[in-house]
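The structure appears below as structure tokens.
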Amino acid sequence: MRIAVVHGPNLNLLGTREPEVYGTATLADVDRALEELAREVGAEVEFFQSNCEGRILDYLAEIRERVDGVLINPAGLGHTSVALLDGLLATSRPFAEVHLSNPSSRESFRHRSFLSAAAVGVVAGFGVDSYLSGFRCLNNYLVRRSGAAQ
Ligand code: CA2
């Protein structure tokens, strides 16, 4: 399976600020851990981060043909963007939503996600482990689904 990992706005700052909320790992550390996990489970992975919503939408439109699923930390866009939901749906590929922190235990404006209802699953609150669990679960889901389709 080939999975695209998308990191939303400001996640490039990971490990540099607010370590009490988001931990000390950098985005490069997260990507390295995912690369290692992908090798372990025999999956392929590619990464994308942007602070610009339009660039994320363009990327989603571009990967449609080459990936089987999308793992996304939408960051703040998850709470605000119907366009991001539409972009994910337009890929016609299953996606999983992950968050480092648990948005449900934070400010009320973080409680709503435009993506969650359309996601295969959501993992939140476990720091880098949210990404790793989300990746493993999404890969298992895609493998099972491809077997069932044959
Ligand atoms: O917990 C998460 O992963 C979030 O998606 C992170 C978003 C936040 O808006 C969501 O509610 C939950 C914020 C991403 C910004 O990341 C930073 C990392 C380090 C320093 C500053 C921002």
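In listed order, ligands and their atoms are each counted from 1.
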Exercise for the section: Under the salt bridge (Lys or Arg N to Asp or Glu O under 4.0 Å) rule, what do Glu44 and Arg66 come out as? Steps first, then yes or no, please. Expected result: CA-CA 11 Å; Glu44 289 176 45; Arg66 67 169 186 264; over 6 Å; no
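Note on residues 39-86: pairs passing ring pair (Phe, Tyr, Trp, His ring centres under 6.0 Å), not counting sequence neighbours, are Phe48-Tyr59.
When Asp31, Leu71, Leu14, Asn51 are each tested for a side chain to side chain contact (heavy atoms under 4.5 Å, CB included) with His7, only one passes: Asp31.
Side chains of Leu60 and Leu84 form a contact here, defined as non-hydrogen atoms less than 4.5 Å apart. When side chains are defined from C-beta on, Ser130 does not count as touching His99, because their heavy atoms never get closer than 4.5 Å.
Between Asp58 and Arg55 no salt bridge is recorded (no basic side-chain N to carboxylate O distance below 4.0 Å).
The protein residues lying under 4.0 angstrom from ligand 1, judged by non-hydrogen atoms, are Pro9, Asn10, Leu11, Leu13, Leu14, Arg17, Glu18, Tyr22, Asn73, Ala75, Gly76, His79, His99, Leu100, Ser101, Arg110.
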